[in-house]
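Predicted, not measured: the structure shown is a model, and the values here were computed from it.
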Amino acid sequence: MAVCVEVGLDEWIALNNVDSVEVSLWTGGLAGCVAVAIVEKDLAFLTHIYSEMNATNWETSYKPALANAIRRAIPEYKEITICQVMVGDDQRTERADLVKHWLDADVLEPNDARCDATVCAKSPVVRIYKHRGGTMQVEGPPGSGQWGQSLTSEDLARNRGILVQGQGFLSSFGRPAGLQ
């Protein structure tokens, strides 16, 4: 059975995949927002950073919250194989560049990760997925309906097929998917 988990506004979720489950971790509505997708072995980390993030509150609030979330979720930074910053806008944004430069300087390079952070524009929806027996992949598809029924962070406790490595919110704006 495929499991599809939606990440909400200013929410982060990290899942440890088990081989018997096909999993997708996704978020949408990225107009003005930024998503960060990180893959480390069988672990998928995804966050949706709200468009209220700016250079000032990045330093005082978002960066420390994201650093804490990544530390809690990813045990071995050097095993990171994919790190993408996705934006729904037509071009890179200051918001995306702040996140990308911090990821490279403070997370990836000091820990000898296997990749650098990349920025992908024109991606209003992003998902991390793994098919049974495959490797984790990141894509920015045109729509989300083809993935089937989505679970939210509130549904994860009832689903025994995946291991939740961590879940939380980056700010007071944070909401599980489906909630305003």
Side-chain angles (χ1 to χ4, degrees), residues 5-16 25-128 136 138-140 152-154 156 164-177 179-180:
V5 180
E6 184 177 5
V7 178
L9 186 68
D10 266 356
E11 182 176 32
W12 66 270
I13 299 176
L15 303 178
N16 249 335
L25 187 58
W26 76 279
T27 192
L30 290 176
C33 301
V34 173
V36 176
I38 300 175
V39 172
E40 185 262 340
K41 292 185 183 176
D42 281 342
L43 186 138
F45 173 94
L46 185 64
T47 188
H48 180 144
I49 301 172
Y50 187 39
S51 60
E52 291 293 316
M53 190 272 278
N54 56 46
T56 301
N57 65 15
W58 165 248
E59 289 296 327
T60 60
S61 144
Y62 277 92
K63 183 168 71 172
L66 184 58
N68 184 49
I70 292 172
R71 256 192 316 277
R72 286 179 51 198
I74 302 173
E76 295 287 332
Y77 290 171
K78 65 183 174 191
E79 298 296 325
I80 294 173
T81 56
I82 298 173
C83 184
Q84 290 188 1
V85 179
M86 314 289 270
V87 295
D89 303 334
D90 288 341
Q91 301 192 18
R92 289 173 69 146
T93 62
E94 176 189 18
R95 190 172 293 111
D97 285 338
L98 285 169
V99 175
K100 183 234 185 294
H101 293 304
W102 172 77
L103 285 165
D104 279 337
D106 290 6
V107 176
L108 301 173
E109 289 172 12
N111 293 291
D112 296 321
R114 296 182 181 177
C115 66
D116 293 324
T118 59
V119 176
C120 301
K122 297 184 182 180
S123 188
V125 178
V126 60
R127 81 170 175 151
I128 303 173
M136 292 276 195
V138 177
E139 69 177 356
T152 67
S153 59
E154 294 181 332
L156 287 174
V164 179
Q165 182 77 12
Q167 183 274 336
F169 300 100
L170 299 177
S171 76
S172 60
F173 296 111
R175 302 286 181 273
L179 295 182
Q180 299 298 325

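- The two residues Arg95 and Val34 make their nearest non-hydrogen contact at CG-CG2, 3.5 Å.
- Looking at Ile49 and Asp10, their side chains come closer than 4.5 Å, going by heavy atoms from C-beta outward.
- At distances below 3.5 Å, not a single donor-acceptor pair connects side-chain atoms of Asp104 with backbone N or O atoms of His101.
- Pairs engaging residues 82-93 under the salt bridge (charged side-chain N to carboxylate O under 4.0 Å, His left out) rule: Arg92-Asp97 [sequence neighbours left out].
- Leu30 meets the side chain to side chain contact (heavy atoms under 4.5 Å, CB included) test with Thr27, Cys33, Ala35, His48, Met86, Val126; sequence neighbours excluded.
- Ala55 meets the side chain to side chain contact (heavy atoms under 4.5 Å, CB included) test with Glu94, Leu98; sequence neighbours excluded.
- Closest approach of Thr56 to Asn54, counting heavy atoms only: N-OD1, 3.0 Å.
- To the nearest 0.5 Å, atoms CG (Leu66) and CG (Leu103) are separated by 6.5 Å.
- Judged as a salt bridge (charged side-chain N to carboxylate O under 4.0 Å, His left out), not a single pair has a partner in residues 28-38 (not counting sequence neighbours).
- Taking the ring pair (Phe, Tyr, Trp, His ring centres under 6.0 Å) definition, one finds that Phe45 meets it with Trp12, sequence neighbours left out.
- Residues passing the side chain to side chain donor-acceptor pair (under 3.5 Å) test with Glu59 are Lys63, sequence neighbours excluded.
- Nearest approach of Met53 to Trp58, heavy atoms of both residues: SD-CB, 3.6 Å.
- With hydrogens and angles disregarded, no donor-acceptor distance shorter than 3.5 Å links the side chain of Thr81 to the backbone of Glu40.
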Enumerate donor-acceptor pairs with a distance under 3.5 Å from any side-chain N or O in residues 106-119 to protein atoms, sequence neighbours excluded.
{"unit_1": "Asp106", "atom_1": "OD2", "unit_2": "Trp102", "atom_2": "NE1", "d": "3.1"}
{"unit_1": "Asn111", "atom_1": "ND2", "unit_2": "Val107", "atom_2": "O", "d": "2.7"}
{"unit_1": "Arg114", "atom_1": "NH2", "unit_2": "Glu79", "atom_2": "OE1", "d": "3.0"}

